[in-house]
Visitor: 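Submitted below is the structure of interest, expressed as structure tokens.
One-based numbering, in listed order, for ligands and for the atoms of each. All values reported here derive from a predicted model rather than from experimental measurement. Hydrogens, waters and symmetry mates are skipped; everything else that's a heavy atom, side chains included, is used.
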Amino acid sequence: MRHVWSAAALVLALGAAQVVAAEPVDIEQRIDRLLGQMTLDEKVGQLNQLSGKEFTGPATDKVRSMETEIRNGRVGSMLNIKGVADTRRLQALALQSRLKIPLLFGLDVIHGYQTVFPVPLGESASWDLEAIEESARIAAREAAASGIHWTFAPMVDVGRDPRWGRVMEGAGEDSYLGTRIAAARVRGFQGRQLGGVESVMATAKHFATYGAAIAGRDYNAVDMSDHLLHETYLPPFKAALDAGAATFMNAFNTLNGIPATGHEGLQRDILKGAWGFKGFVVSDWGSVREMVVHGYAKDLPDAAAKALVAGSDMDMESNAYASSLAAQVKAGTVPVALVDDAVRRVLRKKFELGLFDDPYRFSDPARERAALSDPRHRQAARRIAARSIVLLKNEKGALPLRRGLGTIAVIGPLADARRDLEGGWIVKSDAANLASLVDAVREQAGPGTRVSYAPGCDVACRDTAGFKAALEAAAKADAVVLAVGESWDMSGEAKSRADIGLPGRQGELFEALRAIGKTPVVVMMAGRPMIFENVAEQADAILYAWFPGSEGGRAIADVLFGAVNPSAKLPMSFPRSMGQLPISYQQYETGRPVRDLKNIVYKSAYIDAPNTPRYAFGHGLSYTKFAYSDLRLSAASMTPSGKLTLSFTLANTGPMAGAEVVQLYLRDPVASVVRPVKELKGFQRIELQPGQQRTVSFTIERDTLAFFNRKLEWTAEAGQFELMVGSASDDIRLRQTIVLDAP
Ligand code: BGC
């Protein structure tokens, strides 16, 4: 059956080709020349990506046949190959092919290559764009020296349902925070321009709406309004593109009935059309083939045709393009012009990376040795991890721990964890070389302090036999630290949880410690927000450390002892109960809002739980205090082409140096499409010495006030707007109304 492809798709593809004609003539001419020499099979080969996991094992028949494919120019890219030796060996095979087109080596370098940084959600809690960019730069430096050209990161999917395990890989629930972090990560991975040997190509993934899986179950279908798509889910992708993201990855999910991989509207109309993307789109692992399972394609050849026509340029591991695209072109189902456009996009990146001039330039043993042994990388990992740890609660002066304590007991299933500190997506796990939290507390406690340790139970915590030893250790201690949470493999891809409570009986361990009068300082590790109501109510102090990476143990100890004053803020709301999910601070006002908790009859409320989260988006405490005062505006109103400045004074009124992430929120109270009760519009991380104060300013312009109207046009409507400045989405300290004049 002939696949019906739209004329618009062809015009868009050709249009995009014209746009790139303005790029350096040299590369475009070289692409033309090369394309002119390529057979159809060689073209399809460039769009075929294979996993090379097998290459590290024995030379099986499969390995030999893959080697032959590479020599025959039937493979354009490999994933899961790493290290100078392997990348060189395979590149040498590609150079035996007729046209000697080098391979691209892609890998999931998600939060570090050898030096592991906090998982992306944790790192996002730093709200520190420089730190986030720096961690991506270090990951790129280590990966690039080991022969990697391309990372499948950043994941820029908005996530509002912590049941979905992959919230761990993103920047949380908020689109604005997501855009800023997406851009920082792309800049970090790619450097100023492609081609630097200390940079890798970035991938904005998963295009699009993968994070909105129904019921938080990974890979599940997505059903979403155009409004939510444009306003919330697409902006981080656009920001990644504007920051120069070289590639995009599409997604496993269907969106309103169409698989993202076969979605022409997303890939051709929006990405390559309206946004003018000149890089290439890679499918997700096997997602071309999965269109058959979805019931969108009748067989693999049909899936190949539908994916390519819809704008999916490279096929990751479906073997759909390699096995059937050429036949589809010959049958007239797929226009060769679309294949050419996809091939051009892939070749362009190979040229821009300089691979045609030196195919081995990234695989450099001396640079690999230097990058993988640079002590500054671990130092940065420690600094960034400490900045990502959120102080959720701190009462009765529980933290920082006093110096000179006689005994500190470090209790709990994660107290001596090493592998779990790293989280998922590890490339070169160095777990044996890490300091666990107990190790780090021993390092930092000082010579007069004894440190004892008892796990109580393992992470699954089904068995409480170990509680006794833990309680005995705690009974003898002057301070107790309890480390609980998830193991590294409980968050991430295919790690959705229907119950995001503390695993097993971990909560009972906390209660048992309380029962003997030893309320612990609680350290939590996880890749997602968890629910822990008893701990939230009864603990004096809680630190949320996520999976903090190679130096995570030391970073937690830095915060426990006050060497680092915590400054992180939650990038996702923490629910009180499963029934509140999905949850975000960015809600719409109902006609029946709850104004008074004592009167919820016929109001938009739960009769058995509050609407509010346990910890709100943007929440995070410090060991010092910050006072907000003296809000002023450069003018009370502005024109659509004008600007105004909001300023206020931030003072550190507490005893310690610290940093505050000040947050600017907006509400448009009356609009032609109702607006959320609060939208983040700006933030800054401000460091202040005790007693020091500073003027902080935000610029308000049309874009700050604009939104997508009924026709999905980006518009700002004249009228009043409320600006709110605060320390968290539920801790607004200053407010002011401004007016946008009619044009
Ligand atoms: C994930 C992608 C990843 C790819 C390659 C897929 O299962 O969804 O995010 O880049 O595998 O490992």
Visitor: Test your reading of the model: is there a side-chain donor-acceptor pair from H111 to the backbone of F117, 3.5 Å cut-off?
Guide: yes
Visitor: Tell me, which pairs form a salt bridge (Lys or Arg N to Asp or Glu O under 4.0 Å) where one or both residues lie in residues 47-59, sequence neighbours left out?
Guide: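 Sorted pair list: E54-K62.
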Visitor: Decide whether an N or O pair under 3.5 Å exists between E493 and ligand 1.
Guide: yes
Visitor: Which of the atoms of ligand 1 are close to D284, meaning less than 4.0 Å from one of its heavy atoms?
Guide: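 Close to D284: 1 (C), 2 (C), 3 (C), 4 (C), 6 (C), 7 (O), 8 (O), 11 (O).
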Visitor: Y296 ring centre to K306 NZ or CZ under 6.0 Å, with the angle to the axis within 45°?
Guide: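 Positive - K306 is close enough to the ring of Y296 and near enough to its axis.
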Visitor: If only atom types and distance count, is the side chain of S312 paired as donor or acceptor with the main-chain N or O of L308 below 3.5 Å?
Guide: no
Visitor: Where is the nearest protein heavy atom to atom 5 (C) of ligand 1: which residue, which atom, and how far?
Guide: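 Heavy-atom neighbour on the protein nearest atom 5 (C) of ligand 1: D108 OD2, 3.2 Å.
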Visitor: Which residues pass the side-chain hydrogen bond (donor to acceptor under 3.5 Å, both in side chains) test with E134, sequence neighbours left out?
Guide: R383
Visitor: Backbone or side chain, does any N or O of W285 fall under 3.5 Å from an N or O of ligand 1?
Guide: no
Visitor: Where's the contact between R166 and ligand 1, heavy-atom distance under 4.0 Å: side chain, backbone, both or neither?
Guide: side chain
Visitor: I'd like to know if the side chain of Q267 and the backbone of A310 have a donor-acceptor N/O pair within less than 3.5 Å.
Guide: yes
Visitor: Is it true that R88 and D364 make a salt bridge, defined as a side-chain N closer than 4.0 Å to a carboxylate O?
Guide: no
Visitor: Which of the numbered atoms in ligand 1 are below 4.0 angstrom from a heavy atom of K205?
Guide: 2 (C), 3 (C), 9 (O), 10 (O)
Visitor: Counting from 1, what ligand 1 atoms have a heavy atom of F152 closer than 4.0 Å?
Guide: 10 (O)
Visitor: In terms of side-chain geometry, is the basic nitrogen of E133 or R137 positioned less than 4.0 Å from the acidic oxygen of its partner?
Guide: yes
Visitor: Could you tell me, atom by atom, which parts of ligand 1 come under 4.0 Å of a heavy atom of M249?
Guide: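 Near M249, the atoms of ligand 1 are 2 (C), 10 (O).
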Visitor: Run the numbers for me: atoms of ligand 1, each under 4.0 Å from some heavy atom of H206, listed by number.
Guide: 2 (C), 8 (O), 9 (O)
Visitor: Using distance alone, decide if ligand 1 has a nitrogen or oxygen within less than 3.5 Å of any nitrogen or oxygen in W425.
Guide: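 Min N/O separation from ligand 1 is not below 3.5 Å for W425.
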Visitor: Under 4.0 angstrom from ligand 1, any heavy atom of E169?
Guide: no
Visitor: Taking 4.0 Å as the limit for heavy-atom contacts, which would you say applies to L79 with ligand 1: side chain only, backbone only, both, or neither?
Guide: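 The part of L79 near ligand 1 is the side chain, not the backbone.
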